[in-house]
K.L.:
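Once you've had a glance at the structure underneath, I'll fire off some questions.
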Amino acid sequence: AFREMFTARVIGVAIASTVTVAGAGTYLHKRRLYRSDGIKQFHRPSYNPPPKSWTGSIFEPSLDFPTRPPKKDESYPWQTIDYKTEPEKYLAAVIDYCFDGNVEADFVPQKNAKRKWYHAPWMTQTPFGREPIHGLTFERPAPRGYLGSGQKRIVQTWAVGMYNEPEIGRA
């Protein structure tokens, strides 16, 4: 009786160990798949392909993020402007900084010769995510009157977010 009970326990332990090892193998396999899928999604330019008739360039996100923290000695033109007393001047300085090099590069950050800019990854998870030509994402619609008293209908809102090197380096 002892031998049969011992044999049954050894077989049970062997089966449980096999199941545990198989389960761990499945877990590690799924983890690799999730990691692989996450990397694909990170680099995916858009959810939908461009229209079949489209012959122009398509959006490629700028995702070559820096590997080192940003320099601490960089200064910005708006830092000397008091946004409470001179809000227009403050915003103009920020806008000028953002447009500098991006206008000439048609807002393709990889072509900006003045400074590096980067896109937010993972904006392609749904059909309403990033569009394939300019990388714009569908945002919250603007209800009637939101953009001004003359706005009589709901309008779509599309935007693109880019981060400069110092900000992306802090993330």
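Values below: all heavy atoms of this structure, side chains included; hydrogens, waters and symmetry mates excluded.
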K.L.:
Say whether Val103 and Val108 are linked into one hydrophobic cluster, either directly or through other cluster members, by side-chain heavy-atom distances under 4.5 angstrom.
P.N.:
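No: no chain of side-chain contacts under 4.5 Å links Val103 to Val108.
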
K.L.:
Counting C-beta onward and ignoring hydrogens, is there a side-chain heavy-atom pair between Phe138 and Arg130 closer than 4.5 Å?
P.N.:
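In short, these two side chains do not touch, never coming nearer than 4.5 Å.
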
K.L.:
Considering all heavy atoms of both residues, which atom of Asn48 and which atom of Ser46 are nearest to each other, and what is their separation?
P.N.:
O-OG, 2.7 Å

K.L.:
Starting at NZ of Lys114, measure out to CZ of Phe99 and round the result to the nearest 0.5 Å.
P.N.:
14.0 Å

K.L.:
Return the minimal non-hydrogen interatomic distance between Trp117 and Asn164, and the atom names on each side.
P.N.:
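So the minimum-distance heavy-atom pair works out to CE3-N, 3.4 Å.
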
K.L.:
Output all residues satisfying ring pair (Phe, Tyr, Trp, His ring centres under 6.0 Å) with Tyr146, sequence neighbours left out; order by chain, then residue number.
P.N.:
none

K.L.:
Check whether Glu86 reaches the backbone of Tyr90 with its side chain - one donor and one acceptor, N or O, closer than 3.5 Å.
P.N.:
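Answer holds: no.
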
K.L.:
With a 3.5 Å cut-off and sequence neighbours excluded, list the donor-acceptor pairs that the side chains of residues 153-160 form with protein atoms.
P.N.:
unit_1	atom_1	unit_2	atom_2	d
Gln156	OE1	Trp158	NE1	2.8
Thr157	OG1	Arg140	O	3.0

K.L.:
Would the distance check show the side chain of Ser62 and the main-chain N or O of Gln110 forming a donor-acceptor pair, the cut-off being under 3.5 Å?
P.N.:
no

K.L.:
Who are the ring pair (Phe, Tyr, Trp, His ring centres under 6.0 Å) partners of Trp54, not counting sequence neighbours?
P.N.:
none

K.L.:
May I ask you to check whether Ser149 and Gln151 show a side-chain donor-acceptor distance below 3.5 Å?
P.N.:
no

K.L.:
If you take all heavy atoms of Ile81 and Ala93, which pair is closest and at what distance?
P.N.:
CD1-CB, 3.9 Å

K.L.:
So, are Lys111 and Asp106 salt-bridged, with charged N and O less than 4.0 Å apart?
P.N.:
no

K.L.:
Taking NZ, NE, NH1 and NH2 as the nitrogens, is one of them in Asp64 or Lys116 under 4.0 Å from a carboxylate oxygen of the other?
P.N.:
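So Asp64 pairs with Lys116 through a salt bridge.
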
K.L.:
Is there a donor-acceptor pair under 3.5 Å between the side chain of Glu131 and the backbone N or O of His134?
P.N.:
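The answer is yes, because a donor-acceptor pair under 3.5 Å joins these two groups.
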
K.L.:
Are the ring centres of Phe65 and Tyr118 closer than 6.0 Å?
P.N.:
yes

K.L.:
For residues Gln79 and Tyr76, report the shortest heavy-atom separation together with the two atoms involved.
P.N.:
OE1-N, 2.8 Å

K.L.:
Out of curiosity, Leu91 CG to Trp78 CH2, how far, rounded to the nearest 0.5 Å?
P.N.:
11.0 Å

K.L.:
Looking at Pro143 and Pro141, what are the two nearest heavy atoms and their distance?
P.N.:
CD-O, 3.3 Å

K.L.:
Is any side-chain heavy atom of Cys98 closer than 4.5 Å to a side-chain heavy atom of Val94?
P.N.:
yes

K.L.:
Between Pro45 and Glu60, which heavy-atom pair has the shortest distance, and what is it?
P.N.:
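Distance-wise, the nearest heavy atoms are CG-OE2, 4.2 Å.
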
K.L.:
Are the aromatic ring centres of His119 and Phe59 under 6.0 angstrom apart?
P.N.:
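Yes, the ring of His119 comes within the 6.0 Å limit of the ring of Phe59, centre to centre.
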
